[in-house]
Amino acid sequence: AYETGLSCFQIIEKLVSDSIWKDDYKKALEIFTMLARLSYLSKEFDQAEKYFSILQKNTKSALDKVTVFELKSAMMVSRNKIIESITLLK
């Protein structure tokens with residue numbers, strides 16, 4: 001199911017313009033957070049890292065940044081990278 005969701009969101013990603021972060025920040029945040037989440041749940045870890053980088057570069061508020069770090073930390077824990085997860089959250 002995660003792979004199907006990921007495919008759908010990748011289509012959405014192709015349809016939105018590069019200016020979505022300026023034009024509709026909330027929608028961009030939702031789309032790219034879901035892309036990161038679905039990538040890591042589909043075990044597409046390199047792809048998830050790409051989306052985490054995009055999110056980290058574009059998030060504005062501290063709360064949004066925390067959400068991204070929590071999600072990335074969850075991915076690291078799922079890969080048994082506990083030390084890296086702790087380091088990320090410091």
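It should be emphasised that the depicted structure is a prediction, and the values quoted were computed from it without experimental measurement.
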Once you round to the nearest 0.5 Å, how far does CG of Leu29 lie from CE of Met34? 11.0 Å

Applying side chain to side chain donor-acceptor pair (under 3.5 Å), name anything that partners Glu13, two or more places apart in sequence or on another chain. Tyr51

Walk me through whether Thr59 and Thr67 qualify under side-chain contact (heavy atoms from CB on, under 4.5 Å). CA-CA 10 Å; Thr59 50; Thr67 302; over 6 Å; no

Would you please say whether a donor-acceptor pair under 3.5 Å links the side chains of Asp64 and Tyr25? yes

Any side-chain heavy atom of Asn58 sitting closer than 4.5 Å to one from Phe32? no

Not counting sequence neighbours, which residues clear side chain to side chain donor-acceptor pair (under 3.5 Å) with Thr33? List them please. none

Enter the distance from Ile20:CD1 to Lys26:NZ here, rounded to the nearest 0.5 Å. 13.0 Å

Which heavy atom of Leu35 sits nearest a heavy atom of Gln10, and at what distance? CD2-N, 3.7 Å

Worked check of side-chain contact (heavy atoms from CB on, under 4.5 Å) between Glu49 and Lys72: CA-CA 8 Å; Glu49 287 291 347; Lys72 187 172 182 177; 3.2 Å; yes

One should read off an interatomic distance between Leu15 CG and Ile31 CD1, to the nearest 0.5 angstrom, of 9.5 Å

Any side-chain heavy atom of Arg37 sitting closer than 4.5 Å to one from Leu41? yes

Mind listing the closest non-hydrogen atom pair of Met75 and Ala48 along with its distance? SD-CB, 3.6 Å

Derivation of the side-chain contact (heavy atoms from CB on, under 4.5 Å) call for Lys50 and Asp46: CA-CA 6 Å; Lys50 175 186 107 174; Asp46 290 337; over 6 Å; no

For atom NZ of Lys43, decide whether the heavy atoms of other residues, nucleotides or ligands shown that lie under 6.0 angstrom number more than 12. no

Show the nearest heavy-atom pair for residues Ser39 and Gln47, with the distance to one decimal. OG-CG, 3.9 Å

Output all residues satisfying side chain to side chain donor-acceptor pair (under 3.5 Å) with Ser17, sequence neighbours left out; order by chain, then residue number. Ser19

Over all heavy atoms of both residues, which pair between Leu55 and Trp21 is shortest? Give the atoms and the distance, please. CD2-CH2, 3.9 Å

